[in-house]
Each structure stands twice: as structure tokens, then as C-alpha cells.
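See structure below.
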Amino acid sequence: MNAAHYEYVRRLGDNALVLGQRLSEWCGHSPFLEEDIAMANTALDLIGRARMLYTHAAALEGRGRDEDALAYGRDEREFGNFLMCELPKGDYAFTLVRQYLLDVYHHRLFTALTTSRDETLAAIAAKAVKEAAYHLRRSGDWVVRLGDGTDESRDRCQAALDELWGYTDELFAGDAVDAAMAEAGIGVAPASLAEGWRAEVEALFDRAQLALPRDDWQASGGRAGLHTEHMGRLLAELQFVPRAYPGARW
Amino acid sequence: MSSKHLPLWEVFIRSRRGLDHKHIGSLHAADPEQALQAARDTYTRRQEGVSIWVVRSSDIHASQFEDEAAFFDPAADKIYRHPTFYDVPEELKL
């Protein structure tokens, strides 16, 4: 039970860290100054979420590791984030459509986790759900703006959605860890989020005049540590300094 | 980075309940919703506020520098407009 509990909480942290790292790549490169600050804020929210989840996971694991050991001391196969989180940031439409798909998911997930039997996880969820509500408001607003915008912005948005759609099944697949945690009242069965998520994103894509892609291919494996070719490079950048200079402080 | 197509907005923040909104800065945004979000992200990151107003800068009508003499100088010698000009009876003093 403890191993599954650790795995469940740490994987939530993996999603937050990897997505936060991707968003942070926009810092200094966003289309205009206000967006640059807003995107960096969101990235920092996610990295803050990862810190809380990793600290809790490390305590559950009980092997003396801390948040830094989990973030910087693990290799690709030991990360259990969704593949969608690690995909390169692409253009602004891609970043925002991905963010929207995941914001809807996380808003619903953390809302459900506020009643977890794990009181620490419930407290983390209570904080995360407020941030996620704002992230969702922002990313949803942008998807409608871009989808219902110019020909170019709609084309880019539609292309992003078409590319990302095949990574959405993974959000709801679940495995033995999820099942055990849902059974114990600690976690949420991912499949239970699917229907509400789908209805919410369909309604927004309708407003944004974006067509829902066909369900003709699905990629998965991230949660089991089987990642895309992009994950290694992301970790190389994320982990370079603490690996090259162990224990470095400034 | 370019914002040449987006209108300018003035941002007012109420720092605590009971206080007035104060002008804190400006930003570029396409419409009121985006302006509010940008104001939240730009100006309230360190708990600076509990309420935000945004106003299109073009909707603010400002007095001009050349109005200064006519607008403000005449008040300079009218010290009787200040409450401190008047002697308050001893009985009213706290």
C-alpha cells in the first residue's frame, strides 16, 4: 500500500514538474510582455505544486530522499508523467491548447482530491484547485480567442488540437496504482473524470469553432516510464546543474 | 515581443478591504477580460490586492500641462480653504 501511495503522489508531482518545466521555456520568449509574466506565473505555480507533492511523496517513501532528490536524481524511466506534459512547447497555440486540456483535467482531479483520506494530499489539492481554476480561466480564454480568431490562429489551434488529441486517452487509462488508491479513498479513479472532462472541453471547442479530432490513434506509456524521445532532453536541461555539481548552493 | 496592436489599459488595485483603488500601472490587452487577467498576473503576484479595476487609457481624460497655471495656481493664495486656517474654540478640541 505504501509503495502505491508513494507512486500515486509522486506521479502527480511528475506531471506538475514536467509541464512546469515546459512552460518555463517561454520565459523571455512569449509574444508580449504581459503574457510572458502570466506564463511564468503558471510555470511557477506548477513547480510549486511539484515541490509540495514531492515532499509528501518522499515522506511516504521513507527512504530519506527529499524533493530535490526526486526532481533531479531520477532518470527518464522513473518518471511517471503523462506523455502530453513532455511534448515540446511548439507554438503558442500548441502550448495553450495543451494547457487547456490539462487544466480541465487537473481542476477536476484536484477538486475530487480535496476529500482524499490522505489529509496532506487533500490540503495540497485544496491549494492546487484554486490555482488550477485560474489556469483554466486563462487557457480556456486563450483557446477561444485563438480558435475564434484569424484564419492563421484558428489553423494553428486546430493543428495543435489534432496533434494533442491522441495523448488524451492516457489521462483516463489508470493502472493498478490508481485502482488501489481509489479503492483506499486516497486517490481518484481516472476513468471517473473522463465524462465530465469530455463534455467540458467539447463545449469550449464548440465556442472556439474548433473541430473535435477523430479518435483514430492513442499514445500511452508515460505513467509506466516509457516516454517520448523528448523526455531525455527535457531532463538533461532540468537536471544538468545538480548532476554536474552535486550539492551546489548559491 | 510586440504589442503594437493591443490597446493600453490603466490598472487600479484595492490593496485591502476598506481602502480605495489606487492607480498602480498600465498594460496592453485586447479586451476587459484579458486586461483583468494580465493585471492579476502583473500586479498582484505578491498579494498586493483584493480587487482590480481596469480602464481603457483612451477613456481617461487628463488635464494638460498648459492648463497648469489656470487650473492650479489660483488656489495657491487661498489659505482660508484649509481647515487649519480657522481657530477652533477650545471646547471643540479633543
Side-chain angles (χ1 to χ4, degrees), chain A residues 20 23-49 89 91-93 95-96 99-100 103 107 127 129-154 156-157 204 207-208, chain B residues 1-68 71-72:
Chain A
L23 290 187
S24 75
E25 292 172 11
W26 282 107
C27 189
H29 301 279
S30 294
F32 54 94
L33 186 60
E34 289 80 355
E35 263 309 294
D36 206 80
I37 296 169
M39 194 60 91
N41 279 355
T42 309
L44 283 171
D45 285 349
L46 289 168
I47 288 165
R49 185 191 295 173
K89 72 185 196 303
D91 60 13
Y92 220 60
T95 286
L96 286 162
Q99 193 61 31
Y100 173 69
D103 285 344
H107 185 245
K127 182 169 188 294
V129 78
K130 290 185 194 171
E131 293 173 346
Y134 184 75
H135 299 164
L136 174 57
R137 175 169 167 165
R138 214 179 84 76
S139 61
D141 190 70
W142 265 115
V143 170
V144 172
R145 262 173 218 289
L146 295 175
D148 188 18
T150 64
D151 286 348
E152 184 182 2
S153 71
R154 193 196 55 244
R156 284 176 182 246
C157 242
L204 187 110
R207 267 177 63 210
Chain B
M1 294 214 187
S2 162
S3 54
K4 60 177 183 273
H5 300 301
L6 292 176
L8 190 64
W9 300 73
E10 301 300 323
V11 180
F12 300 82
I13 305 277
R14 184 205 288 279
S15 57
R16 278 191 292 131
R17 287 183 216 292
L19 296 182
D20 293 331
H21 286 75
K22 280 205 167 52
H23 184 245
I24 194 160
S26 55
L27 49 79
H28 292 91
D31 59 23
E33 172 64 20
Q34 195 179 65
L36 279 173
Q37 290 179 18
R40 181 264 193 197
D41 282 321
T42 307
Y43 294 115
T44 66
R45 303 173 73 232
R46 300 178 187 86
Q47 293 190 294
E48 290 94 335
V50 295
S51 167
I52 302 172
W53 288 350
V54 290
V55 182
R56 279 281 287 262
S57 304
S58 59
D59 288 336
I60 292 181
H61 301 272
S63 64
Q64 302 299 307
F65 176 71
E66 49 273 28
D67 297 332
E68 205 176 289
F71 268 39
F72 308 118

Exercise. A/R145 versus chain B, heavy atoms under 4.5 Å apart: side chain, backbone, both or neither?
Worked result: side chain
Exercise. When rounded to the nearest 0.5 angstrom, what distance separates CD in A/E35 from CG in B/L6?
Worked result: 10.0 Å
Exercise. Any chance CD of B/Q47 has more than 12 other-residue heavy atoms, nucleotides or ligands included, within less than 6.0 Å?
Worked result: no
Exercise. Any side-chain heavy-atom pair from A/E34 and B/Q34 closer than 4.5 angstrom?
Worked result: no
Problem set entry | side chain to side chain contact (heavy atoms under 4.5 Å, CB included) between B/D41 and A/Y134, intermediate numbers included | CA-CA 10 Å; B/D41 282 321; A/Y134 184 75; 3.1 Å; yes
For this session: Quick one: pull up NE2 in B/H28 and CG in A/L33 and give me the separation to the nearest 0.5 Å.
Result: 9.5 Å
Problem set entry | Heavy atoms of other groups near B/R40 CZ, more than 12 under 6.0 Å | yes
Exercise. Is the number of heavy atoms from other residues, nucleotides or ligands under 6.0 Å of A/K127 NZ greater than 12?
Worked result: no
Exercise. Looking only at heavy atoms, what is the nearest atom pair of B/T42 and A/I37, with distance?
Worked result: CG2-CD1, 3.9 Å
Exercise. When rounded to the nearest 0.5 angstrom, what is the spacing between CG in A/D141 and CD in B/Q37?
Worked result: 4.5 Å
